[in-house]
Amino acid sequence: MSALSAIRRSRNRPARPDTDTSGHRLLEVSGLTTRFDTPDGLVQAVNGVDLHVDRAEIVGVVGESGCGKSVTIRSILGLVRPPGRVVGGTAHFNGVDLLTLRGAELRRLRGKDIGFIAQNPFSALNPVMRIHRQFRNIMAAHDPASAGEVRDRARAALADVGIAGPGRVLDGYAHQLSGGMAQRVVIAMAMLLNPAFVIADEPTTGLDLTVQRQILDLIRGLVREHGRSMLLVTHDLGVVAQYCDRVVVMYAGKVIEHGSVRDVLTAPRHPYTQALIRAIPRPGRPLVHLTGRPPDLVDYPDGCPFRARCPHAFEPCGHTVPEPVTVASGQTYRCHLREDGEVGL
Amino acid sequence: MRVFGYARRRMFFLPLGLLSVIVLAFLLVNALPGNPAGVIAGPAASPAELAGIERRLGLDKPLWERFTDYVGALVRGDFGSSYYTDRPILSEILRFAPATLELVVLSLTIAAVLGVGLGVLGAYYKGRSADRTSRLVVTTFQSIPDFFLALLLIYLCFYLAGWAPAPVGRLGLMDEPPPTVTGALLIDALISGDMRTFRSAVAHSLLPVLTLGIYYSAYFARSTYASLVPALESKQVEFARACGLSERTVLAYAFRQARTPILTYGGILLAALLGGAAIIETIFSWGGFGEWAIDSILQLDIPAVQGFILAAGVGTLLVFTALDILVAVLDPRVRYD
C-alpha cells in the first residue's frame, strides 16, 4: 500500500481528542520496565514505557527490531519468561493491574478478555494437533461446560474470519493451510471468546503483500464491528497510517513519541520519528536510510538513547534524559530540541 | 490412509534389510581371526585331528560354498548347531532371547518413566533449583558405569540390607520354573498361576531392572531435556499461553512437539540393548541373549555367533521399522512420497 497516501488520508480523518477521561480508558501502562538477566549482562529491554489504549481505539506501536515492542506486549500479557523479568511499572486493564495478578488469575484474562494475534501462524499453531482440538482446548480452559458447543462456536469463529469451509479446516492440521488461511485461524482463536481488547504482534509479517492487506482489513473489521480496542505492533508506518487512531513510537525500550496518527505522521517532533518517516519509500523522493544501529541495551547509554544516530544532537543529549514534552493536541515527545521538526510531507 | 500406505512401503524394505543382515552375519563371522577347530581340538592336537574337525564343521570348503550352504539351511529354518553343545541354534535363540527381552523391556520402561520425568522437571524449571537438582541426578546416573551400579546395588540391597535376593539368575536356586509358554518368566509364571514363582521372579528381576533402568534413565532425561527446552520456548507454547491455556495443557503441547525425538532415542536404546546388556546379564547370571553371545564369541562358536548377529539384526530391523511407522502416526507432518 502507499504509505504516503495513507498518511494523507489520515489528515482528513477527524482527530480523536487525546484527553484523559478514565471512563474510556481500557489499558493504562505506566513505568513498565523489563529486564533480561543474560550471561552477557542485564539487557534493559523495556525502560519505563507509558502508553494507554482507550475503548474502541486502535493504537499502533512502531519501532525497529529490538526496540522493545514485543517485550512490551509480552510484559503486559505476563508472557515474559525467565531470564526475563518485569521489574517495575503498572498495567491497569479495566482497573486491574495485570502486573500484580497471579498466574491463574492472569491466565483467565488471556484469551478471554485479551485476545492475542501472533506474528507467524505456522509457529503459533500446534503442528501436531488438529485445529478442532486447539479450539476445544481454548474453550475448555475458560469454560469447561462449553465442551458440547465447541464445534459450532469454532465454525462460527472461522466463518467470521472469512474461511469458506470451516469443517474441513477444523479437521485438518496447520501445515495443510496457506499462510493467509492459517493466520485467519489464529485470528479466529484470538476472537473466539469475544475479547474486549486485542493485541496483535506484527500480524502480517510473514505473509504475501496481497494477503497482508486482506488480513489487516479483516482484523480492523472485527475490532471496529464489536467496539473492541487493539494494540497493533508493527514496523510499518504505512500500516499505522491506514489502520490506527493513535501511534506510539518506541526506541531502545522507551516511548520517544506518541500522539494521534495524524499529528505524529504529519508533524513528527522527534528526530527518530522523522527519520522513520523519511525512510518510507515514495515516488519522486530519494530514500533516506537511517544509518547506525540502536544502542546496546546491556550497556545502556546515558542521556538520550538516540543521541548517537541523531543529526541534531547537541550538548545536553549526552548526559540528560529528555523529559516528555506535550504539545497542544496531546502529541508528546522526548527530545531536547524545541523547534518544530516538520519534515514537510 | 497416509500412514497405512507408508507402513506398507516401509515393510516392503524388510526383506532387503533381512538379506543384508544375513550377508553381514556370515561375512563378519567368517572374517573373524582365529580358527575354531584349533580352539575345539586344544593346543596338543595333531594336524590330522585338526583337519578332521575342520572337515566335520565344513570349514575346509571355500567361502562361497559355505555361504550358499548357510543361506540354504536358513531357508529351511536350520540355523545350524553349536560346535560345542550340538544344540540347534534356533532353539538356543528362542531360549535366551525372551529372558533378555523381558529384562530390556522392563528396564527401558523404568528408564523412560524416570528419565522423562527428570527431563520434564529440568526443562520446565530451567535455570531454577529443580533444574539444577535434576541435572545433578542425571549426571550422577550417567557417570556411574552400569556394571559398577549393579555391584553397588547388589552390595547394598542384597548383602547389607537383604531386601533383594542373591544375583543367581531369574529365579532362586530352589524355585521351580513354570512351564515355558512365552519364555518370559514373569508372564509364564502368571499363566501357570504360580504366584510364589511369580513373586520370586519379580524379586530377582528387581536389581538388574533397576540397574539398567537407572543407568539408561540418564539418556532419556537428556534427550527429553534437549527437545523439551526449545519446545517450551517456542512461539507455539507462547501462543498457547496467550490463549489462556493452563500450564498443564501448555506442557502437554510442548511435550507433543518433543516426543518424537524422545521416542526415537528410546527405539535406538531398545535395539542396542537387545545384545548390549551382556555385562549386566553376566553379573546377575541372567542367562540372557547377550551373555550367550559373549560366551559363543569367546569359544569361536561360529553358528552361535551367526545366529546371534542374525537375531539381533532382525530385532533391530523390526524395532526401527516399528519406530518409523509410529513416528509417522504421531506426526502428521511426516511425508514420504
Side-chain angles (χ1 to χ4, degrees), chain A residues 37-39 70 73-74 76-84 103-130 133-144 172-176 186 189-190 192-193 195 198-199 201 206, chain B residues 1-3 6 121-132 134-135 225 227-264 325-337:
Chain A
D37 197 357
T38 69
S70 336
I73 57 170
R74 278 163 181 76
I76 295 169
L77 285 168
L79 292 175
V80 171
R81 309 294 302 171
E105 296 164 333
L106 192 56
R107 183 183 74 68
R108 277 193 283 276
L109 285 177
R110 291 199 293 245
K112 190 162 189 296
D113 298 297
I114 306 175
F116 181 73
I117 300 174
Q119 185 171 357
N120 178 347
F122 292 114
S123 39
L125 296 171
N126 192 321
V128 290
M129 193 181 278
R130 287 183 201 281
R133 199 157 155 207
Q134 298 181 51
F135 273 104
R136 193 181 69 196
N137 285 343
I138 295 173
M139 286 182 67
H142 296 284
D143 179 12
Y173 293 94
H175 66 89
Q176 294 163 335
V186 167
M189 286 176 176
L192 179 67
L193 300 173
V198 176
I199 295 180
D201 181 15
Chain B
M1 285 316 280
R2 176 186 67 84
V3 172
Y6 172 65
L121 198 72
Y124 189 77
Y125 294 106
K126 182 169 182 274
R128 291 196 254 170
S129 59
D131 178 23
R132 284 190 289 274
S134 150
R135 253 183 298 176
Y225 189 87
S227 54
L228 198 57
V229 163
L232 278 166
E233 285 168 1
S234 70
K235 293 285 167 195
Q236 187 211 110
V237 157
E238 181 176 72
F239 184 64
R241 283 203 173 104
C243 288
L245 301 189
S246 68
E247 282 304 291
R248 234 180 65 192
T249 317
V250 166
L251 187 58
Y253 271 46
F255 194 78
R256 258 181 117 87
Q257 224 180 336
R259 66 188 174 183
T260 316
I262 302 172
L263 191 72
T264 306
I325 294 173
L326 201 59
V327 167
V329 170
L330 289 180
D331 193 339
R333 289 167 300 177
V334 177
R335 287 250 178 273
Y336 309 88
D337 301 320

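Any value given below was found using the heavy atoms of this structure, including those in side chains, with hydrogens, waters and symmetry copies removed. In what follows, every chain begins at residue 1, and chains take the letters A, B, ... in the order their sequences are listed.
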Checklist entry - Non-hydrogen atoms of chain A under 4.5 Å away: do they reach the side chain of B:T249, the backbone, both or neither? => result side chain
Checklist entry - Checking B:L330 against chain A: side chain, backbone, both or neither under 4.5 Å from a heavy atom? => result backbone
Next on the checklist: Please classify the contact between A:Q119 and chain B as side chain, backbone, both or neither, with a heavy-atom cut-off of under 4.5 Å.
Outcome noted: neither
Checklist entry - Is it the side chain or the backbone of A:R74 that comes within 4.5 Å of chain B heavy atoms, both, or neither? => result side chain
Checklist entry - Do A:R81 and B:L232 pass the side chain to side chain contact (heavy atoms under 4.5 Å, CB included) test, and can you show the C-alpha distance, the side-chain angles, and the key distance before you say yes or no? => result CA-CA 10 Å; A:R81 309 294 302 171; B:L232 278 166; over 6 Å; no
Checklist entry - Shortest non-hydrogen contact from B:R241 to A:R110? => result O-NE, 2.8 Å
Checklist entry - At their closest point, which heavy atom of A:L192 faces which heavy atom of A:M139, and how far apart are they? => result CD2-CG, 3.6 Å
Checklist entry - Hey, is OH on B:Y125 packed in by over 12 heavy atoms from elsewhere, all under 6.0 Å? => result no
Checklist outcome for this item: Heaviest contributor of heavy-atom pairs below 4.5 Å to chain B, chosen from A:A118, A:P83, A:S123, is A:S123
Checklist entry - Out of A:A124, A:G115, A:A190, A:A141, which one racks up the most heavy-atom pairs below 4.5 Å with chain B? => result A:A124
Next on the checklist: What I'd like to find out is whether the side chain of A:R133 reaches to under 4.5 Å of the side chain of A:N126, using heavy atoms alone.
Outcome noted: no
Next on the checklist: Would you say that A:R107 contacts B:S246 through its side chain, given a criterion of any heavy-atom pair below 4.5 Å between the two side chains?
Outcome noted: yes
Checklist entry - For chain A, which residues from residues 251-260 of chain B lie under 4.5 Å away (heavy-atom distances)? => result B:Y253, B:R256
Checklist entry - Does any N or O in the side chain of B:E233 come within less than 3.5 Å of the main-chain N or O of B:P230, such that one atom is a donor and the other an acceptor? => result no
Checklist outcome for this item: The salt bridge (charged side-chain N to carboxylate O under 4.0 Å, His left out) partners of A:K112 (sequence neighbours excluded) come to none
Next on the checklist: Quick test of your reading of the model: are B:K235 and B:E238 salt-bridged, counting only N-O distances below 4.0 Å?
Outcome noted: yes
